Amino acid sequence: MDNIYITTAIPYVNGAPHIGHAMDYCLADTVARYYKMLGKNVRFQAGTDEHGNKIFLKAKELNEPVQEYVDKNAAKFQEFIHKLGVEYTDFVRTTDPDHERRCQEIWKKLENHIYKEKYEGWYCTGCERFVTEKECKENNGICSDHQKPYEKLSEENYYFRISDFKDQIREAISKDELLILPEFRKKEILKLLEDSPDVSISRPKSQLTWGVPVPDDDSQVMYVWIDALANYITILGYPEKEISEWWPAAAQIVGKDILRFHAIIWPAMLLGLGLPLPKRILSHGMVLSNGQKMSKSIGNVVDPLEVLNKHGLAAFRYFFLRHIDTFEDSDFTWEKFENAYNNELANDLGNLVQRLATLANKNGIKINEFNLELPEEYYSLMDNFEFSKAFDFVWEKVQDINAKIDEEKPWALAKNGETEKLENCMKGLILDLLIANKMLSPFLPEATEKIKAIFTDPIVPPEEPLFPKAK
Ligand code: MSP
């Protein structure tokens, strides 16, 4: 299939972008660019989740009209995505009237699986999630992610009969028709699926007005997750447009904390609509700060713009795609970030480019068009979305080239007038560098473009270092 649809989770706009949000964007962009490198047509959705209690309460606390508040924050997210060099093709805002209307159509199509019943139970506004009695007890009534007591709800809601689809979902996940990466998360989801109850999918307007109205019932708005999950297909024009050109998605990128919504409720919605399930869900780990979850009260929240401004985009993407593990939680500290930039990006790669380009330029080395064949191992890691491992693999190659220069000493060959040997040696080294550069291109698009340009005829070393030390 040459058409590839990639999606990324849509963040809540109850504040400015957070360093963790960068993970979704950088990973999805890497997936998108990798597929483009393979010659696929890529459609890539991004967006903002603008409904729900959390956003409503925050706007109220700030005394701002909710729509104005979400407009302002949605713009910050768009700006952030651009700064990260993310090449998305579609941007969805869940307060967009087209999205809202399509959600209502989707609701109507699911009506056979929807019933009304009293909900007596718990809710966490931080997670925007209904919590089972069992989970509430296990956590002593306090949400471990938000450190706040669960709220007791007693209200009439609409329910979605997940039980109608459980067997089909279990089968698709077990057989990897819906592939959940990494494997250990797949196991968690299969376990969770065993006792996942029907889900409440609306809130009474008396409790929450900020949502998509339920069709033909003035007293209810949709539960924020129903409207949010639908974004992946409303942006393609569903239901009025035929979406089979793009749907099912080749890959949906989400954090581990929201995998359960994407691997249970979302597939149930799709099956209820008679649509195929996505091919893959990549569930990434969390970015921690100094070993802890970031929180305003601990005071360890890292501002992504500060990180971006420090050494630029390549440094940002380098750190988040290599040193933040694709699947496991990993730690951000300024020290690790600085070391990675100075010792690896600036020294290993930046100096290598400078050295090779200077030597080539001095000795009149020319290179013709190369056919850059990439190693099988790289493709295999990338195909399995093992991005941090693929990055490590490429970095070994970069270090090998550095070692080879020291070993083959092209400057000595030049000094001794061994022209032919020098030319072969330099061409070999440059070819190796261009292969590594191509492998890096989905991760570091801007920097690799610059490197590619440096090594086209005539080879001219950059006037400024590619990765300068901060002043
Ligand atoms: N609005 C929902 C997603 C709806 S998708 C149909 C939501 N928003 S969020 O703002 O809380 O999170 C957006 C994405 O950012 C999620 O994939 C989440 O996992 C990710 N992250 C938020 N904090 C994170 C870290 N500290 N580290 C890594 N990713 C994190 O959930």
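Just so you know, these numbers come straight off a predicted model, no measurement behind them. Start at 1 and go down the list; that is how both ligands and their atoms are numbered.
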Check this for me - ligand 1, [X], N or O atoms closer than 3.5 angstrom, yes or no?
{"X": "Ile10", "result": "yes"}
{"X": "Asp24", "result": "yes"}
{"X": "Met23", "result": "no"}
{"X": "Gly20", "result": "yes"}
{"X": "Gly255", "result": "yes"}
{"X": "Asp49", "result": "yes"}
{"X": "Tyr12", "result": "yes"}

Ligand-residue contact atoms, ligand 1 with [X], heavy atoms, under 4.0 Å:
{"X": "Ala228", "value": "6 (C)"}
{"X": "Asp257", "value": "18 (C), 19 (O)"}
{"X": "Gly285", "value": "28 (C)"}
{"X": "His21", "value": "10 (O), 13 (C), 15 (O)"}

key: Set of ring-ring contact (aromatic ring centres under 6.0 Å, His included) partners for Phe319, sequence neighbours left out   =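 By the ring-ring contact (aromatic ring centres under 6.0 Å, His included) rule, Phe319 matches His323, Phe332, Phe337.
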ring-ring contact (aromatic ring centres under 6.0 Å, His included) involving Phe443 - partner list, sequence neighbours excluded =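 Phe443: ring-ring contact (aromatic ring centres under 6.0 Å, His included) contacts with Phe391.
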query = How far is atom 31 (O) of ligand 1 from its nearest protein heavy atom, and which residue and atom name does that atom have?
reply =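 Answer for atom 31 (O) of ligand 1: Ile258 CG2, 3.4 Å.
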request  = Return the residue, atom name and 0.1 Å-rounded distance of the protein heavy atom closest to atom 26 (N) of ligand 1.
outcome  =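 Atom 26 (N) of ligand 1 sits closest to the protein heavy atom Val287 O, 3.2 Å.
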ask   = Which of these, His18, Lys54, Glu128, has its nearest heavy atom closest to atom 23 (N) of ligand 1?
value =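 Residue with the shortest heavy-atom distance to the ligand atom: His18.
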query = Out of Phe261, Tyr232, Trp266, whose heavy atom is nearest to atom 5 (S) of ligand 1?
reply =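 Considering heavy atoms of Phe261, Tyr232, Trp266, the nearest to atom 5 (S) of ligand 1 sits in Tyr232.
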query = Under 6.0 Å between ring centres, would you say that holds for His21 and Phe77?
reply =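 Yes, the ring centres sit under 6.0 Å apart.
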key: Aromatic ring proximity, centroids under 6.0 angstrom, Tyr88 and His82   =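 Yes: the rings meet the under 6.0 Å criterion.
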inquiry  = Taking the cut-offs as 6.0 angstrom to the six-membered ring centre and 45 degrees off its axis, would you call Arg280 and Phe385 a cation-pi pair?
reply    =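 Arg280 over Phe385 ring: yes.
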ask   = Is Arg129 close enough and on-axis enough to Tyr223, meaning under 6.0 Å and within 45°, for cation-pi?
value =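 The answer is no, since Arg129 fails at least one limit relative to Tyr223.
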ask   = Does a side chain donor of either Asn53 or Tyr123 reach within less than 3.5 Å of an acceptor in the other side chain?
value =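 Result is no, nothing qualifies.
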message = For the residue pair Glu50 / Trp210, report whether a side-chain donor-acceptor contact shorter than 3.5 Å exists.
response =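 No donor-acceptor contact under 3.5 Å links the two side chains.
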From CA spacing to verdict: side chain to side chain contact (heavy atoms under 4.5 Å, CB included), Tyr318, Phe467 = CA-CA 12 Å; Tyr318 177 79; Phe467 307 111; over 6 Å; no
inquiry  = Main chain of Thr448, side chain of Asn437: is a donor-acceptor contact present, judged purely on distance under 3.5 Å?
reply    =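 Yes; judged by distance alone, with no hydrogens or angles, the pair exists.
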